[in-house]
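Every heavy atom of this structure was used, including side-chain atoms; hydrogens, water molecules and symmetry mates were not. For ligands, and for the atoms within them, numbers begin at 1 and follow the listed sequence.
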Amino acid sequence: MAEKQNKMRYSKRSLSAQAMGKIDPKTKGVVPPIHIATTFIRDPDNGYSSGFVYGRPDNETVREAEAVISMWEEAEASLLFSSGMAAATSVFLALKPGDHVVAPKVMYWALRNWLMTDAKHWGLEVSFVDMTNIESIRAGLKPGRTKLVWVETPSNPLWSLTDIETAAEWAHAVDAKLAVDSTVATPVFTQPLKLGADVVMHAGTKALNGHSDVVAGVLATSDISPFWNRIVSNRKNLGAVLGPFEAFLLMRGMRTLDLRVREASKTALDLAERFSTHPFIEEVLYPGLATHPQHALALKQMKGGFGHMLSIRVKGGEQAAIDTAASVGLWKRATSLGGVESLLEHRASIEGPDTPCPPDLLRLSAGIEDVEDLFADLDQALSKAHK
Ligand SMILES: *Cc1c(COP(=O)(O)O)cnc(C)c1O
């Protein structure tokens, strides 16, 4: 580890801006070529001296993007998947039928749904616990049977936090792995592996790519363990590798990751503070606010910013929230998050009846537009909805 740090002479921001300094060796172009071949020439002695055999297990452009992610997460290895869901499910499918998992009550909706339905066919037993209270994680563990604790922090769409360091201690005490969905924190603000997590997951679709034009998933590990090798095998055999064009776009997006997420996070904090005293807003949910119940943990765990995601609870209930969303101009009414364009969404309509999401909640993903424009646009929409 120390040796790895000595080798890292430049900051993460610098290394990311230059995609680890990769160039085209033939032309000396400052952008490496996209490697699209699906098959590779075998040596006369029957070997594969290049290390590449076929396009499903591996790809050079994918590896180059993975190197950028490993640098950000200070990981031993990273894997890129065809989506965030492909990455996440590959972790659960590395468990064995009969294994027990502890997962959060409030988490990314599609994954929660999968854990409640299809994961059962694989024989996994899942306990959903309140992860804002670290005691409930401990109470949810079944020593000998729990093989994985899944954490999402900050968690969608209430932006509550889980203490990664303590969760790792307790997971490891029963010989379980800790995996963290760190999509919203981004590697700029939190490095879960350094806090004791075994695996970190990102929807590359979101802030890592940042331009709403790639679907991708990421896993990074602190240790090439048998568990990690089962994940590697899942990606290969389930055929969930990212395509080279997407890997190239993701790598391009990550050149500006540091700039984008710091700016969007500043905007999110500014908006959260201003909306806290807005006459048509009941409550603002954002870990950067001093009034957030877990602000102390946010300060400890998130370094340099609290992320680009916040939610507002609109006075007047569900209809007022939907009417507000209907009246925005600059904000775009759409699902997803982490792009340079600001998005807003009435989450409860998407998540359905058993959601923990309050009906008056609008989820906001701050982009990089002018914060004054973003404030004014939402302010006029709130006024219109309360006419
Ligand atoms: C979007 C998202 C995912 C899933 O990623 P996809 O690329 O859509 O499959 C998982 N976790 C979080 C927190 C997300 O925002």
Indicate every side-chain donor-acceptor pair of residues 93-105 with a distance under 3.5 Å to a residue at least two apart or in another chain.
from: Asp99; atom 1: OD2; to: Lys96; atom 2: N; distance (Å): 2.8
from: His100; atom 1: ND1; to: Thr146; atom 2: OG1; distance (Å): 2.7
from: His100; atom 1: NE2; to: Ser127; atom 2: OG; distance (Å): 2.6

Could you go through ligand 1 and list every pair where one of its N or O atoms sits under 3.5 Å from a protein N or O, giving the atom names and the distance to one decimal?
from: ligand 1; atom 1: 7 (O); to: Gly84; atom 2: N; distance (Å): 2.8
from: ligand 1; atom 1: 7 (O); to: Thr205; atom 2: OG1; distance (Å): 2.6
from: ligand 1; atom 1: 9 (O); to: Gly84; atom 2: N; distance (Å): 3.1
from: ligand 1; atom 1: 9 (O); to: Met85; atom 2: N; distance (Å): 2.8
from: ligand 1; atom 1: 11 (N); to: Asp181; atom 2: OD2; distance (Å): 2.7
from: ligand 1; atom 1: 15 (O); to: Lys206; atom 2: NZ; distance (Å): 2.6

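Aromatic ring orientation, His295 versus Phe306: tilted (interplanar angle from 30° to 60°). Taking the six-membered ring where tryptophan is involved, the planes of His278 and Phe375 are perpendicular, since the angle between them exceeds 60° and thus also 30°.
Applying the ring-ring contact (aromatic ring centres under 6.0 Å, His included) test to His211 and every residue at least two apart in sequence or in another chain returns nothing.
Cluster partners of Leu193 are Val200, counting Ile, Leu, Val, Met, Phe, Trp and Tyr whose side-chain heavy atoms approach within less than 4.5 Å, directly or via other members.
Judged purely by distance below 3.5 Å, without hydrogens or angles, the side chains of Thr89 and Trp114 never pair a donor atom with an acceptor atom.
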